[in-house]
There are 6 protein chains.
Amino acid sequence: MRLQNRKPTELRAVFLGPSFVKFAEGSCFVKFGDTHVICSATIEEKVPPFLRNTGSGWVTAEYGMLPRSSHERIDREAVRGKQTGRTQEIQRLIGRTLRAVVDLKAMGERQIKIDCDVLQADGGTRTASITGAYVALHQALQKLVDAKKIAKLPLIDQIAAVSCGVVEGQAMLDLNYKEDSNAQVDANFVMTGSGKLVEVQAAAEKHPFSEEEFQSMLALARVGTQELITLQKQALKID
Amino acid sequence: MRLQNRKPTELRAVFLGPSFVKFAEGSCFVKFGDTHVICSATIEEKVPPFLRNTGSGWVTAEYGMLPRSSHERIDREAVRGKQTGRTQEIQRLIGRTLRAVVDLKAMGERQIKIDCDVLQADGGTRTASITGAYVALHQALQKLVDAKKIAKLPLIDQIAAVSCGVVEGQAMLDLNYKEDSNAQVDANFVMTGSGKLVEVQAAAEKHPFSEEEFQSMLALARVGTQELITLQKQALKID
Amino acid sequence: MRLQNRKPTELRAVFLGPSFVKFAEGSCFVKFGDTHVICSATIEEKVPPFLRNTGSGWVTAEYGMLPRSSHERIDREAVRGKQTGRTQEIQRLIGRTLRAVVDLKAMGERQIKIDCDVLQADGGTRTASITGAYVALHQALQKLVDAKKIAKLPLIDQIAAVSCGVVEGQAMLDLNYKEDSNAQVDANFVMTGSGKLVEVQAAAEKHPFSEEEFQSMLALARVGTQELITLQKQALKID
Amino acid sequence: MRLQNRKPTELRAVFLGPSFVKFAEGSCFVKFGDTHVICSATIEEKVPPFLRNTGSGWVTAEYGMLPRSSHERIDREAVRGKQTGRTQEIQRLIGRTLRAVVDLKAMGERQIKIDCDVLQADGGTRTASITGAYVALHQALQKLVDAKKIAKLPLIDQIAAVSCGVVEGQAMLDLNYKEDSNAQVDANFVMTGSGKLVEVQAAAEKHPFSEEEFQSMLALARVGTQELITLQKQALKID
Amino acid sequence: MRLQNRKPTELRAVFLGPSFVKFAEGSCFVKFGDTHVICSATIEEKVPPFLRNTGSGWVTAEYGMLPRSSHERIDREAVRGKQTGRTQEIQRLIGRTLRAVVDLKAMGERQIKIDCDVLQADGGTRTASITGAYVALHQALQKLVDAKKIAKLPLIDQIAAVSCGVVEGQAMLDLNYKEDSNAQVDANFVMTGSGKLVEVQAAAEKHPFSEEEFQSMLALARVGTQELITLQKQALKID
Amino acid sequence: MRLQNRKPTELRAVFLGPSFVKFAEGSCFVKFGDTHVICSATIEEKVPPFLRNTGSGWVTAEYGMLPRSSHERIDREAVRGKQTGRTQEIQRLIGRTLRAVVDLKAMGERQIKIDCDVLQADGGTRTASITGAYVALHQALQKLVDAKKIAKLPLIDQIAAVSCGVVEGQAMLDLNYKEDSNAQVDANFVMTGSGKLVEVQAAAEKHPFSEEEFQSMLALARVGTQELITLQKQALKID
């Protein structure tokens, strides 16, 4: 039995608070239970060197954890002098999955940078980040439309992300830190509003897993991401 | 005339929310107007090398700004690979001023690390940080007392900090970003509950300043820090 | 039609040359077509700090590309002063997947470091690395058995890895660089000799993909990894 | 009683040797007792990016200590790979205070870099550096006048700096290393030839200090800086 | 008596395999006994900043060792975050000596980068690198001639390099790792096809050496480099 | 004809000022004409890890140039975040050559660190550094003898260094910056008091050189180093 009588198929309490950061072009404060992340979007009127004079835009992301976001304090990356491999993996994932639903050509030659900063970490920070990052990105793009810099939202689809795991033989949705520590498999799924896949990552923790376990997680993820998609729409007040 | 009819001698709206961070031994969410900072305190049962086997404790601080805390996005220090000189100056200031009111011997051979992370920056982030850091530190030390690791709070005095400036010839308290940009002098004062000085920093912006201007700022700072001291007591529920 | 009349379900010419590096405790020169990687294993009689005095061993990996391994010269990471996010992602993957089939307790308190260095890169360097790394690891562990440091091979299963992609709507096995550049989906699968999954990674390139496309790639990967498992057995001269 | 019968209000023996470095556009070898610093000024005909095409000039400073300048050898920062927070704080202070007396617009779009390198450190290296840096800067600006690149010296005022402290309840001027180690308060004052303030920094060492103590130090500093201003004039052979 | 009955005046078995790296403009796999190095040449149509608009070209080199190239695994420089002093010394040597025989003006404003990566290290990696680097450079320059970008090979002379040492009083040619460890003097000579000197480096190991010892090594080097010059010609199929 | 009527076989005016740095265990201010270097020696009662518990001592060196030591200001290495390859090459050379005349076993398990900091650079900074470093080292070792930590000076021989070059076909001793810039060959020789060789480095600048040219430089170096050996003896007041 999960904390607070949560069923294996249930998400934690999710909160999506748009326009949280006063100075950003788009932002969202996202909570998946005790996991709290600030996502903010910055519009820059220039692109990375490899895109200059191509007419194409870019979306990228950076991720960080406040040192005392987690149960044990973690070293500040600015003091260590570099980002960990885990941090880089996560920020690459966030940027890559957002780009999969943006029409970069239609964005024009500008860049949107998404910053995902974790205030509290209780499992699933990368999936909460992606889910909140979409909201911040949507707001920033809407600002470009409102300013008549682009004709319409250059979004092909909507994305949300959720983690799954297998704990004591049972597939479960949206694991918190404690469940995650006991999981035999750990997976993250990024899906679109129309039900397509953007990213699938599943990794054995200690022991290889069966295809059946994988398929159970995939089915749970489908349900979870659709709920998140609905919550994003409510937060953004779209259809 | 200042924004929102604020008088030169008035602080911005100040909020001190203790116990903000779930996993930290002490914490405070501090707002000085639109400047918002999370301060959290971590107790570590070991000290830096130079204090090993001396019986003495230590208090230190780290400071950071979220990239989109300010009007223009600033580079993430973890990506740049190092902290700026300004960041180091501020975190050294926070640690040094807190240590001035802690009886390090009475703390025992342990360290308290204070993390000050700026969510929004609208002027005065270092003074807001010190003011909130004191609350977080107080909570963490109380936790040591409650756990009977130390007999009583090893605090000699209470501290708070405020900035002052001279804008168009007028000394003013607690400048926001816009006022700060126009100031001819920029000063920060850290004072104790009993009215003593812990740190005085005043710097000419473009032009040298007179001793009279300095003394006016010092007088304003005295008033401002005493108000903050009172607010800290309310937040900590100590008389 | 693929280069050299390869069918979508066919691996490139695979070569596994064990004992390639004179001074290493285990090694393998692996070729997947024009992708060439040297994998070598080093036994160290000490473990990382978090495992000291736990009796448990560790397996880790590092990955690098020679500057002129690819079509365009890439910057030497030692000169840039840090490993790219991609490099870190790959070396974390190699280490994690190898550990999934090693009985770390049975290894004793020692570490095996696997170095995967790419001499030529024509797509699939991470899957070639994992496939060769298993051979190098197996040799190094056998050396420990031969030296009577451990009683038997602490291996739970065997692993191999292969990439898949969807190119122009067609799922394909083991993509070379050119095919990979045109793929709409890019996936890597690490599987065991007994057919279990160790890691699944699938990422949309430009467009989200359907579950059907994913399932086709998974089926191809199953076939490909079993062929590689057989080739590893031949190289190692086991059953 | 101080070393060599020095009174609390007395400076150490001060030496200002201009034109010390053969290749520099301006330079000064400054001694405050056993504290010895080489200050040199370099003219560069380009400005930092934020000033390009503004017509304004810039003055900046760098500071360093030779490894064996102090009683115990200190690590070479070039080997450690970064400057300490203390170093950055000092060099920011030197640059900021010099800029307060330079008419940057009148300098034209060029930069003067001041290097302050400590050969021997016996307390007060930052105040000796500022005092010598002014001389080097003055020489470099004179060279621009002589070369008819600017019409007249773009200097608004002259600056010098001195440290003060409170040792066993007694305010004292220009502390050496040993006195500084015993001080309860440690302060640095940068003042102009016309008696204005450029920078005030006072920090409690172990215990908060009273306003009276602060005011005593300020009074001493006024006397000390005026003496240094006179010595600078003699060194530069001006009025 | 040396390993495999080698005489003091004899080179180890030398192998020079040109065109080893599929994607490079020039390359050579060089073996001096158990020392194995891959040298590859990359043509870049731009020069370092100090040569822009001078019409002159440049040749530079980078050097690295695979972590398990040597008897004991060495740390990966990309992980350490910097190249060692030894690495930098060697790559500066390779670049400098190659430039001594290239007519940089005649090359046109382009750069050739030589990468020397050591797969196995058994003494003499720098001399093997230079000898193989010449072959890779020659191939890359020939490619420029073939593409009619330059009229003829801008090579003034041919170079090869060999190490010498004094072991137990006896001067010896081309030391392997074990001999090198026992040498009292360690020297490297780079000479041209026409018998001139390009670089001489001789260093005492533990004890100063006599001029006679030095002259004996110089004589051996002359013989050894001429043999290598001949082998290079065979590999390149020139005269 | 050389500057100040210097003959090809003549050293520049050499000055060796021992005990220059107040706090160091040994030091020397060395001038070779306009090249000025401070050498200081620090005794540390511990050795690098690879020598612990071997009973053997160590001598090492660090080298740096003040930013405005040369005609054009050079970047401060502490700001760049790393030492250049040239700096590392020079400091490795200084340490290596000093060790060649020290009986490390007789020194006891302690380390002497030599810092060579260039105040002015006009050619030959590495040879001036070695020549002065010997004096500083000798003083520090004498201090150990005086303190009865070792029985006698653990010095096998004395060393000095000088540069030579070939300018317009003429071999010359001790080149200044301008001569060095025009040299066709550039060489550095480190020799002992008894006339043995410690290090020979000769490098072609633009064109390979003949053995005759090399032998002429070697002969000049022999004369030059013997003069320096005599000057060191006078400075140290030995025999």
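By convention in this document, chain letters (A, B, ...) are assigned in the order of the sequence lines, proteins followed by strands, and residues within each chain are numbered from 1. Heavy atoms only: backbone and side chains are in, while hydrogens, waters and symmetry mates are out.
Put simply, CG on A:Asp117 and CG on B:Leu119 are 9.0 Å apart, with the number rounded to the nearest 0.5 Å.
Listed by sequence position, B:Asp122 are the residues of residues 122-142 of chain B in contact with chain A, using a 4.5 angstrom heavy-atom cutoff. Heavy-atom proximity under 4.5 angstrom to chain B picks out A:Phe20, A:Val21, A:Lys22, A:Phe23, A:Ala24, A:Glu25, A:Asp34 from residues 17-35 of chain A. Against chain A, the residues from residues 56-89 of chain B that qualify, each with a non-hydrogen atom under 4.5 angstrom away, are B:Glu62, B:Tyr63, B:Gly64, B:Leu66, B:Pro67, B:Arg68, B:Ser69, B:Ser70, B:His71, B:Arg73, B:Arg76, B:Glu77, B:Ala78, B:Val79, B:Gly81, B:Lys82, B:Gln83 in number order. Proximity to chain A at a heavy-atom threshold of 4.5 Å picks out B:Lys113, B:Asp115, B:Cys116 from residues 106-116 of chain B, in numerical order.
For B:Ser40, the part sitting under 4.5 Å from any heavy atom of chain A is the side chain, from C-beta outward, and nothing else.
Environment of CD in A:Glu45: crowded, with over 12 heavy atoms of neighbouring residues, nucleotides or ligands closer than 6.0 Å.
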